[in-house]
2 protein chains.
Amino acid sequence: MARWQPDARGRLEAAALELFGERGFDQTTVTDIAARAGLDKRTFYRLFGDKREALFSGSGHLEEILVRAVTDTDADPFEAVITAFRRVAQVMFADRLDLIRVRHSIIEASPELQERELRKIGSLAAAVATTLRAKGLHETTATLAAESGITVFRVAYARWVAPGSDASLADLIAETATELRTIVSAWGGRG
Amino acid sequence: MARWQPDARGRLEAAALELFGERGFDQTTVTDIAARAGLDKRTFYRLFGDKREALFSGSGHLEEILVRAVTDTDADPFEAVITAFRRVAQVMFADRLDLIRVRHSIIEASPELQERELRKIGSLAAAVATTLRAKGLHETTATLAAESGITVFRVAYARWVAPGSDASLADLIAETATELRTIVSAWGGRG
DNA sequence: TACGGTGATGTCGCAAGGTGACATCGATGG
DNA sequence: CCATCGATGTCACCTTGCGACATCACCGTA
């Protein structure tokens, strides 16, 4: 085969997205993906840790932006996380809404991909918590702020991708955070 | 081999726990597990969906108890979830603390097992959210209460399994929920 | 132009996960 | 004594993922 094709990684990602969309994740072999990209199966595994990773390349970038946004503020922990997510929403989820929807439906259709997404989200939360702790917060406080912030983002994101939604992701995040505060504040105390 | 050995499922679970603890998850093959239990690899796959499931048999029971506890109260949603978790903590995490710790350390040492645990927790949250919605709550409210309740449980659980902790899980849950309320309530509003 | 190094890719083989199809055994009922 | 049925064993197979090695393009240098 022709070697040194440009952007091997990008072409493999595109091929994987196409094939997962056409046949589903399980019905697509790594050999299929590599063939569509004009490459070998072994090359795929050199660029991606496993078959699922082809759909999660952006998560590293997302973590980077999020951590920086949390660092660059001195607000209260929860507010810092929510603000950071709203900024991320404006940067990373502004365009290509069609591709985002396709990706979402592919993940939704495969338990394995859902597991991987949960892991990515978990490591995102861990990174945010570490950042908050580095700012002098107590471990439990940092973890709780990070985890509940991520929860808000996930719920808002789910509402945003749902068909028939027109609000912006940033607005949905703020709205969802407000509702979380209402729910939690209503709690009486040591149950 | 001798057939019709009693409690094949239980013996496979025990064998898996032992071997994962001795060599780690990756260094243990399904054939190893089946051999230690005196059974065949194919029998393992008939009783468990995949290799990881041998460590997560209790999650169905946990979901059942949790859903019932949420159903049997008419408190505010967040309080209902927290109370339910505290009740579960007293029922399911009272004895066998040594086994719980072993299981926890095994999962902690394997990314694949962490992924599976996250999925189990996610389906737990979904079940609780469904239960809350059945009580007439709005979708977003139900999801947020369920997810943040689970977050509280996870953080409390992490503190509880950590070496050198002596507080009860139920108390840690209440304490963590209080701290979450403090963090979220401190938030100013629409960022 | 020739030469050697370097890095990305292809080729091959293999252990392990996971599954379908079929054989086999034990118990149970007639 | 035989038929049946459900749980298990056996075999063959595909796919994932990886180690080891060969190969090609490119690049600097003489």
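Letters go in sequence order (proteins before strands), and every chain restarts at 1.
For the pair Arg52(B) and Phe20(B), the NZ or CZ position fails the cation-pi test of under 6.0 Å to the six-membered ring centre and within 45 degrees of the ring normal.
Classification of the Phe85(A)-Phe153(A) ring pair by plane angle, with boundaries at 30° and 60°, yields parallel.
Atom-to-atom, CG of Asp40(B) to P of dT19(C) comes out at 15 Å; the value is rounded to the nearest Å. For the pair Glu112(A) CD and dG17(C) P, the computed distance is 15 Å after rounding to whole Å. In this entry the distance linking CZ of Arg9(B) with P of dA7(D) reads 13 Å, nearest Å. Across the protein-nucleic acid pair, Leu47(B) atom CG and dG17(C) atom C1' stand 17 Å apart, rounded to whole Å. In this structure, Gln27(B) places its CD atom 11 Å from P of dG17(C), rounding to the nearest Å.
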Q: Evaluate the side-chain hydrogen bond (donor to acceptor under 3.5 Å, both in side chains) criterion for residues Thr151(B) and Glu147(A): first the C-alpha distance (whole Å), next the side-chain angles of each, then the deciding distance (0.1 Å), finally the verdict.
A: CA-CA 7 Å; Thr151(B) 296; Glu147(A) 295 280 357; 5.0 Å; no

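The backbone N or O of Lys120(B) lies less than 3.5 Å from a partner atom in the side chain of Ser123(B), making a donor-acceptor pair.
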Q. Can you give one letter per nucleotide of nucleotides 15-20 of chain D, going 5' to 3': B for a protein heavy atom under 4.0 Å from the base, S for sugar-phosphate only, - for none?
A. SBBBBB

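Between atom CZ of residue Arg159(B) and atom CG of residue Leu169(B) there is a gap of 10.5 Å, rounded to the nearest 0.5 Å.
A search for salt bridge (Lys or Arg N to Asp or Glu O under 4.0 Å) contacts involving Asp26(B) returns nothing, not counting sequence neighbours.
A close approach under 4.0 Å does not occur between any side-chain nitrogen or oxygen of Thr43(A) and OP1 or OP2 of dA8(C).
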